[in-house]
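Accompanying notes for the structure given below.
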Amino acid sequence: MPELPEVEAVVNALGGIVRGKRITGVRVLRPQTIQSMSVTRFCRLLRGRVIERVRRRAKFILLDLSDGWTLVVHLRMTGGFVYAESRRPFPPTARVLFLLEGGARLAYTDIRNLGLIRLVRTERLDRWAEWRRLGVEPLSRTFTVRRLEEMLRGSRRAIKAFLLDQTKVVGLGNIYAAEALHRARLSPMRRAESVARSRARVVALYESIRETLREAIAAQSTGPLHLEFVNAQGQSHHPRRAPSPFRVYGREGEPCPVCGAPIRRIKQHGRSTYYCARCQT
DNA sequence: AAGAAGTCCTGGGCGC
DNA sequence: TGCGCCCAGGACTTCT
């Protein structure tokens, strides 16, 4: 669920809260969530380190710590953070607790346990295969129409599947892939290489990806869905977004906002794809 | 070797 | 009321 815009929102909000704070202790409630080292080592390495910066790469949240360590978090489907300044009990979905100086606590929560956390030396991040394979950041200057065209060329997969491939363009998930394709008026079933054959289509897709993500980031200024704040009274400030801002995702049967034809839902590689059969070709 | 399929995970919704 | 099935989907591994 959290795609680039949601992760971006969590990173920005989290950064404002924990940057500069020292980690005084760690409690791992679910050991399997910690990747690549033992829980003992994980806790020992974190204790005493200061969170110097919070940033994003693809859908990964990176907390750069003092002494060259980086805490890498991927929320996958249901991961999130709960930040509390009081010593309130955390929800049963809490998997890892970070105790911060001053008594605040940051909990990593995850209902379905698909998310992961790993601690790596910052300069060794690119020795991690999954990390190295990550594609271009769609909102960066290195993402160009030409680069997109080169990636599309020769790929016989459906454009929807292409957009979900994190080794090509990072950050899009099932929701924003559908939204970007609707905005570009491209059928999700169209082959990637056939998009590449038309300059106009490549440009439309390029612009759509960026606009879709930019708008989604702006729309979340009210607060990230995957970061919850609990105050001293135990009341939760869980900033809610406005109701479904999506044009096609989750709107099967509703009229297309462009042409009025009913939105369709199909299955592509086991995933739902929402699109307008009339104006997306 | 690209790309499709299978797998993991849990709670909610639905049909019977 | 309760059981079982399906669904949500990110990104891996496995298979073709």
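Chain letters run A, B, ... following the sequence lines, proteins first, then strands; residues in each count from 1. The figures here come from the full heavy-atom set of this structure, side chains too, leaving out hydrogens, waters and symmetry mates. Values in this document were obtained by computation on a predicted structure and should not be read as measured data.
- A salt bridge does not link A/Arg30 to A/Asp110: none of the charged side-chain nitrogens sits closer than 4.0 Å to a carboxylate oxygen.
- Within the 4.0 Å cut-off from OP1 or OP2 of C/dA8, at least one side-chain nitrogen or oxygen of A/Ser272 is found.
- The rotation axes computed at either terminus of the helix from B/dA2-C/dT16 to B/dC16-C/dG2 lie 50° apart, taking five pairs at each end and rounding to 10 degrees.
- Across all strands shown, A/Arg271 has heavy atoms under 4.0 Å from base atoms, whether or not it also approaches the sugar-phosphate.
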Would you give me the side-chain donor-acceptor pairs under 3.5 Å for residues 36-46 of chain A, sequence neighbours excluded?
from, atom 1, to, atom 2, distance (Å)
A/Ser38, OG, A/Arg41, N, 3.1

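- For the pair A/Arg265 and C/dA8, the criterion of a side-chain N or O lying under 4.0 Å from OP1 or OP2 is met.
- One finds a side-chain N or O of A/Lys267 lying less than 4.0 angstrom from the OP1 or OP2 phosphate oxygen of C/dA8.
- Not a single donor-acceptor pair under 3.5 Å links the side chain of A/Glu130 to the backbone N or O of A/Trp128.
- For A/Arg153 and A/Glu193, the salt-bridge test fails: no basic side-chain N is under 4.0 Å from an acidic carboxylate O.
- For A/Arg157 and B/dA4, a side-chain-to-base donor-acceptor distance below 3.5 Å is absent, hydrogens and geometry of angles not being considered.
- Counting only heavy atoms from C-beta outward, the side chains of A/Trp131 and A/Arg57 approach each other to under 4.5 Å.
- Evaluation of the salt bridge (Lys or Arg N to Asp or Glu O under 4.0 Å) rule for A/Arg197 yields no partner, not counting sequence neighbours.
- A/Leu119 and A/Ile51 end up in the same hydrophobic cluster when Ile, Leu, Val, Met, Phe, Trp and Tyr side chains are linked at under 4.5 Å.
- A donor atom on one side chain and an acceptor atom on the other are found under 3.5 Å apart for A/Tyr176 and A/Glu6.
- Against DNA chain B, the stretch residues 180-193 of chain A makes no heavy-atom approach under 4.0 Å.
- Remark: the backbone N or O of A/Ala104 is not paired with any side-chain donor or acceptor of A/Glu85 at under 3.5 angstrom.
- With DNA chain C read from its 5' end, the first of the two nearest nucleotides for A/Leu114 and A/Glu130 is the one closest to A/Leu114.
- If you check C/dG10, B/dT10, B/dG3 against the side chain of A/Lys59, the one that comes closest is C/dG10.
- For residues 92-104 of chain A, the set of pairs meeting the side-chain hydrogen bond (donor to acceptor under 3.5 Å, both in side chains) definition, not counting sequence neighbours, comprises A/Arg95-A/Asn113.
- Of the residues in residues 70-82 of chain A, not one places a heavy atom less than 4.0 Å from an atom of DNA chain B.
- Defined by atom type and a distance below 3.5 Å, a donor-acceptor pair is missing between the side-chain atoms of A/Thr167 and A/Arg133.
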